[in-house]
**Q** 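I'd like to ask some things about the structure below.
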Amino acid sequence: MIKKVAWVVTGAGHFLRECIDVIAEYKSDINLFVSRAGLEVIKVYGLYDHLLKESIDIVNDQSASSASCGAFAAGRYSVLVIAPATSNTVAKCALGIADSLPTNLFAQAGKSKVPIVVLPSDVSCEIESVTPSGKRIMVYPRPIDMRNVDMLKKFPGVTVVDDVEKLRSSLEIYIL
Ligand SMILES: Cc1cc2nc3c(=O)[nH]c(=O)nc-3n(C[C@H](O)[C@H](O)[C@H](O)COP(=O)(O)O)c2cc1C
């Protein structure tokens, strides 16, 4: 069985465009998941049409239990990528909460010993980001957000990267 990459986009605008570019590049190797907020934010940034144009399907899993996570135990995925990962998803993952599609994917990948790569939106305590209208803004993640990212770095099997190039390098190990 050829294993695929499970990639989940959460509701973060920061790094979103760059992540969609990587997804488009490796689309035949990726099963794409989105959180509910992820789908909204993709649309707000005008990137939904880009996914359609690239014929990138989003896995439709609106079940309360995130039924598609069973594929990790079945050995169908070589890696889980969460990119970009919101401070919300990072916080829940760090605390072991699994109540949304991204957090269930994280928990089930971990329990099946499938490696996980995370690109948090909050990579430092001061970030320059771009709004949906293209305006550059400063964002200042709080100490709690940075602490949660640090907690995630200590999880076995989890690699936390801080830019898209490092994400790409981590991903290439799993793409044949
Ligand atoms: C346009 C837009 C951009 C956003 N960008 C970010 C972001 O870069 N980082 C972040 O942590 N939250 C961001 N949010 C807030 C998240 O979408 C929100 O916390 C959401 O509840 C996260 O849900 P999820 O983690 O399940 O995807 C953004 C919201 C909007 C509307």
**Q** Mark yes or no for whether Asn148, through its side chain, and Ile144, through its backbone, hold a donor-acceptor pair below 3.5 Å.
**A** yes
**Q** Are the side chains of Leu80 and Pro115 in touch, meaning some heavy atoms are under 4.5 Å apart?
**A** no
**Q** For Glu172, I'd like to know if atom CD has over 12 heavy atoms of other residues, nucleotides or ligands within 6.0 Å.
**A** yes
**Q** Do Leu171 and Val158 share a hydrophobic cluster (ILVMFWY, side-chain heavy atoms under 4.5 Å, transitive)?
**A** no
**Q** Can you tell me if CD1 on Ile2 sees more than 12 non-hydrogen neighbours from other groups inside 6.0 Å?
**A** no
**Q** Using ring pair (Phe, Tyr, Trp, His ring centres under 6.0 Å) as the criterion, list what pairs up with Tyr77, not counting sequence neighbours.
**A** Phe72
**Q** Check Lys154 with Asp150, please: is the shortest side-chain N to carboxylate O separation under 4.0 Å?
**A** no
**Q** With hydrophobic residues grouped by side-chain heavy-atom distances under 4.5 Å, do Phe15 and Val160 end up in a single group?
**A** no
**Q** Report yes if some heavy atom in the side chain of Leu47 is under 4.5 Å from a heavy atom in the side chain of Arg17; otherwise report no.
**A** yes
**Q** Holding to side-chain contact (heavy atoms from CB on, under 4.5 Å), I want the full list of residues that pass it with Ala73, two or more places apart in sequence or in another chain.
**A** Ser112
**Q** Quick check: do Ser35 and Pro102 have side-chain heavy atoms less than 4.5 Å from each other?
**A** yes
**Q** Measure across Val44 and Pro132 and return the closest heavy-atom pair with its distance rounded to 0.1 Å.
**A** CG1-CG, 3.3 Å
**Q** Quick one: do Met146 and Val90 end up in the same hydrophobic cluster if we chain Ile, Leu, Val, Met, Phe, Trp and Tyr together by side-chain heavy atoms under 4.5 Å apart?
**A** no
**Q** Is the shortest heavy-atom distance from the side chain of Asn31 to the side chain of Val5 under 4.5 Å?
**A** no
**Q** Answer whether the closest heavy-atom distance between the side chains of Ile23 and Ile56 falls below 4.5 Å.
**A** yes
**Q** Do Thr159 and Ile116 have side-chain heavy atoms sitting under 4.5 Å apart?
**A** no
**Q** Please examine the side chains of Asn60 and Gln62, heavy atoms only from C-beta on, and report whether any two atoms are closer than 4.5 Å.
**A** yes
**Q** Between Leu167 and Ile175, is there shared hydrophobic-cluster membership here, with clusters defined by ILVMFWY side-chain heavy atoms closer than 4.5 Å?
**A** yes
**Q** Is there a path of hydrophobic side-chain contacts, each under 4.5 Å between heavy atoms, that joins Ile58 and Leu16?
**A** yes
**Q** Answer yes when Glu165 and Arg168 have at least one side-chain N-carboxylate O distance shorter than 4.0 Å, and no when they do not.
**A** yes
**Q** Answer with yes or no after comparing the ring centroid distance for Phe155 and Phe106 against a 6.0 Å cut-off, counting only values under it.
**A** yes
**Q** Pair Ile82, Thr10 - check side chain to side chain contact (heavy atoms under 4.5 Å, CB included), show working.
**A** CA-CA 7 Å; Ile82 308 183; Thr10 68; 4.0 Å; yes
**Q** How far apart are the closest heavy atoms of Gln108 and Cys69, and which atoms are they?
**A** CG-CB, 3.5 Å
**Q** Restricting to non-hydrogen atoms, name the atom on Val161 and the atom on Leu119 that form the minimum distance, rounded to 0.1 Å.
**A** O-CD1, 3.4 Å
**Q** Taking all atoms of both residues into account, what is the closest heavy-atom pair of Ala64 and Asn104, and its distance?
**A** O-ND2, 4.5 Å
**Q** Mind listing the closest non-hydrogen atom pair of His14 and Glu128 along with its distance?
**A** CE1-O, 3.2 Å
**Q** Ring pair (Phe, Tyr, Trp, His ring centres under 6.0 Å): which pairs involve residues 27-55, sequence neighbours left out?
**A** none
**Q** Locate the shortest heavy-atom distance separating Trp7 from Ala83; write the atom from each residue and the value.
**A** NE1-O, 2.8 Å
**Q** Taking side chain as C-beta onward, heavy atoms only, is Leu32 less than 4.5 Å from Val59?
**A** no
